[in-house]
Amino acid sequence: MMSPAPAPSPTPILVLDRVRKTFAGHIAVDDLSLAVPPGVIYGLLGPNGAGKTTTIRMIMDILQPDAGSVRLFGAPAGDRMYAERIGYLPEERGLYRKMRVLDVLVFLGEMRGMERRRARQRAGEWLERLGLAQWRLRRIDELSKGMQQKVQFISTILHEPALVVLDEAFAGLDPVNAQVMKDTVLELRARGATILFSTHIMEQAEKLCEHVCIIARGRKLVDGPLGDIKRTRGGHHLVVGFDGSVGAAAQVFADAALVKKVDDYGQYAEVELAPGADPQRVLRDLVGSGARLARFELREPSLLKIFIDLVGPEAAQAGVRPDA
Amino acid sequence: MHKIWAIVRREFVERVRTRWFWIGALLGPVLFGAVFFLSGQLGRGGGLKRIAIVDGTTTQLGARIAEQLGRSGDWAIRVPAAIGVVDSLTAQVRAKQLDGFLIVTDAALDSGKVEYRGSNVFAGKGALQRPVGEALTVVRLQRAGVDPRLVARASIPLRLETCKISRGTTCGESAAQSFSLAYFMGIILYTAILLYGINVMSSVLEEKTTRIVEVLVSSLRPFQLLLGKVLGVGAVSIFQFLIWGVAGRLLLARRAPLAGGGDAGGAGADELFQVPHVTGATFAVFMAYFLGGFFLYSAMFAAVGAMSSTEQEARQAQQPVAWMLVLSFISMFAMLNDPGSTVAVTLSLIPFSSPVAMPVRWAAGSLPASELALSLAILVATIGGVTWIAARIYRVGILMTGKRPNLKELVRWIRTA
């Protein structure tokens, strides 16, 4: 088992230490360890059924781990003692349909330890900000789906939590709300909050996350800062564009010591370097072979590629299906 | 706890805000009023307002019957028998000018047969049976040569006065009062426990289906959530009682004009449904068993809500729970007849029926304090046990989706929760 993250100096906001959860003989989360440093956007990634929601439920004290421990804010967690400092948006969402918008927000604020008056005032501000001010006294079931999503999102962050946990944060959001959500997440982070969000959509994670942890079948496959993972996993990729003359490029690409795999389109090629190969040598060899280059770009692998390599194509297939 | 209080307040405020709450609050007293009014009508002769007596007798039988009926109001007119009179009276009944008419002949004295034709023969029978019978007896006696004064003295009608011996106090309330008190308490207990128990169930189900429960359970323990919910719904029911109580008092104060209607012999109505004298002890027993029954049943209904995923599933799954309550309600009628029978005693000790059975027995007849204490103790112990089990089912169930658990899975939930 890897030790959690190459120790960033500040105390992690959240630490899972060999956490395990079993349901009726099936292991949902298997000795999972991870550490979320403060002030980052942390992605918990994995295909469906990987154990993301179960992990989050253990963090939220909804489920008790069978083994292992959860530490929050540098202290052992338990009995919902940190509920006031955590905002939680579950994967499946809903609100009391017959309640008024403002009442729902105040009630959920109270559930997070807010005082009524303060919850009312903050809710008013947020509704104003997200353009729902004139809906504050309407019933939830009079709102459109998109507006309900906004209300639910407000309820998650109303109490200004230090840690925001978003399970499948962007699933089911319309594009406008996805944008609102992203902006707000970034704003929260800028104000010092830590965001933990789970998703099976790698493109989103790649844009937002500084740290990730990829899990499958309840086990951790890799975790750490995204940049480190990209550097150490998946190898180096080159994109080469030619300007008319290709010279003896084919020979260069055929050198097994340099190139592992190539996708040659004639005037354009995608190259996966052999392990340990120096891209600068490829450049030199290509120029030496008489090729005229229009483009020579060293490219990191996409998170999706790393994910597929780690999880396996079938699991990843299930994983990238956006609706599931 | 601040959060439990927030749950209680939400349940209370959201429920009291609904139209249905106020409809129930208004409908309750209207229904009670209707019961009083109807029983007044029935006791008076089921709404017979005007009848005719076709007198085909040569003795004074027809006159005597008219006099007997006339005692309780001026609503029976005597018409001499003639050709075509039956047809014209029938037409009057059809035109609703008359409720019906009696046909009396001399043969009645020997055969006892008198004919009544009318629009509502059931009401006619109820209203006419006794006075006509008494008139027949009087005329028969006179015909046999009995001294008219003796006959008059023999025909003074019975006035049976009942009085309940209970817990050392003397005649405080009549049999009719005890009966109506027991009857009303039974109905209210049954209805309220069922209604508010199901309220708890649908509230659990709403939070489960909308998944709000995940957010809630990450802020407070499932048991605290359940507790807040039950207390909130319970507070609504007590508020409802309060409204009914105040409205009922006002209504009862104006009962006389409502039920008696002034004229014709309203005695029957008053005898059957008198204002029960509700003592402090009776009120305490009622509230204790209402709260006990409500806690017991709402815990079970909450478990049912937690193990269901849809409204339909819950409706099916709640049936065994509801039936226990329905059974105790049905057995109430047996209990009213004989509050001391073995069946009644047993039912008032079994915790699932005692919330309805015991108050009914208490109101209907005297009851040893030891039995009351035993019944309450069993009820409280059962609430403890059932809540423990229900809370475990609740804790697991609220996060589960999909198929309803079978009995084996339920047992596992209870064990592992």
Side-chain angles (χ1 to χ4, degrees), chain A residues 22-25 53-54 56-64 66 72 77-100 103-116 119 139-141 148 151-152 155-156 158-159 161 163 165 167, chain B residues 1-21 202-225 228-229 232 309 311 395-403 405-406 408-413 415-417:
Chain A
T22 314
F23 294 115
T53 296
T54 305
I56 285 177
R57 283 180 172 177
M58 285 189 286
I59 296 168
M60 295 310 303
D61 246 331
I62 297 170
L63 294 173
Q64 304 304 314
D66 296 337
L72 280 163
D79 207 20
R80 299 166 180 82
M81 51 204 289
Y82 297 114
E84 279 73 23
R85 293 164 71 181
I86 307 178
Y88 174 42
L89 184 65
E91 178 177 2
E92 283 177 73
R93 287 147 214 175
L95 294 162
Y96 296 101
R97 284 184 295 266
K98 302 287 175 198
M99 269 178 97
R100 292 182 198 156
D103 291 342
V104 171
L105 288 174
V106 170
F107 171 70
L108 291 174
E110 281 184 287
M111 285 297 107
R112 293 291 173 192
M114 286 180 96
E115 213 188 303
R116 269 177 87 71
R139 280 187 354 197
I140 293 290
D141 58 3
Q148 291 185 22
V151 172
Q152 185 134 31
S155 78
T156 308
L158 192 64
H159 55 297
L163 173 64
V165 179
D167 195 0
Chain B
M1 279 275 289
H2 174 74
K3 288 177 190 172
I4 298 179
W5 172 237
I7 301 272
V8 172
R9 185 175 43 217
R10 196 197 78 82
E11 290 290 342
F12 185 84
V13 171
E14 290 302 317
R15 252 156 246 286
V16 169
R17 250 187 208 167
T18 59
R19 205 175 305 136
W20 290 112
F21 176 82
S202 43
S203 167
V204 168
L205 198 63
E206 185 195 6
E207 283 172 3
K208 186 180 165 175
T209 52
T210 56
R211 297 321 200 87
I212 301 165
V213 74
E214 276 203 44
V215 177
L216 299 182
V217 166
S218 69
S219 342
L220 75 179
R221 285 207 294 275
F223 184 75
Q224 295 172 320
L225 175 58
K229 194 173 286 301
S309 296
E311 205 58 65
R395 199 163 120 191
V396 179
I398 44 173
L399 296 172
M400 290 281 170
T401 49
K403 182 172 94 36
N406 57 34
K408 213 177 93 195
E409 286 167 314
L410 261 189
V411 171
R412 204 178 52 221
W413 286 12
R415 281 228 207 96
T416 58

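Below, read A as the first sequence line, B as the second, and so on, with proteins coming before strands; counting in each chain starts at 1. Quick caveat, the model's predicted, so the values are computed rather than measured. The figures here come from the full heavy-atom set of this structure, side chains too, leaving out hydrogens, waters and symmetry mates.
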Interatomic distance, Ile212(B) atom CD1 to Gln152(A) atom CD [nearest 0.5 angstrom]: 8.0 Å
Contacting moiety of Leu108(A), where chain B heavy atoms sit under 4.5 Å: side chain
Which bit of Glu84(A) is near chain B, if near means a heavy-atom gap under 4.5 Å: side chain, backbone, both or neither? side chain
Would a 4.5 Å heavy-atom cut-off, applied to side chains only, mark Thr18(B) and Lys98(A) as touching? no
Which atoms of Tyr96(A) come close to chain B, meaning under 4.5 Å heavy atom to heavy atom: side chain ones, backbone ones, both, or neither? both
Val215(B) side chain reached by Arg112(A) side chain, heavy atoms, under 4.5 Å: yes
Salt-bridge present (Arg57(A), Glu214(B); N to O < 4.0 Å): yes
Return the CZ to OG1 distance between Arg93(A) and Thr210(B), rounded to the nearest 0.5 Å. 13.5 Å
Roughly how far apart are Arg80(A) CZ and Ser219(B) OG, rounded to 0.5 Å? 8.5 Å
Under 4.5 Å from any heavy atom of chain B, what part of Leu63(A) do you find: side chain, backbone, both or neither? side chain
Leading residue by heavy atom contact count with chain B [cutoff under 4.5 Å; candidates Ile86(A), Leu95(A), Val106(A), Asp103(A)]: Leu95(A)
Chain B heavy atoms under 4.5 Å from Phe107(A): which part of the residue, side chain, backbone, both or neither? side chain
Honestly, the part of Arg10(B) sitting under 4.5 Å from a heavy atom of chain A is side chain
Given side chains that start at C-beta, do those of Met111(A) and Lys3(B) come closer than 4.5 Å, heavy atoms only? yes
Most contact-rich option vs chain B, by heavy-atom pairs under 4.5 angstrom, among Met60(A), Arg97(A), Glu92(A), is Glu92(A)
Distance, nearest 0.5 Å, that separates CD1 of Ile62(A) from CZ of Arg395(B): 12.5 Å
Contact origin within Arg100(A) toward chain B - heavy atom pairs under 4.5 Å: side chain
Any Lys/Arg nitrogen of Glu110(A) or Arg9(B) sitting under 4.0 Å from an Asp/Glu carboxylate oxygen of the other? yes
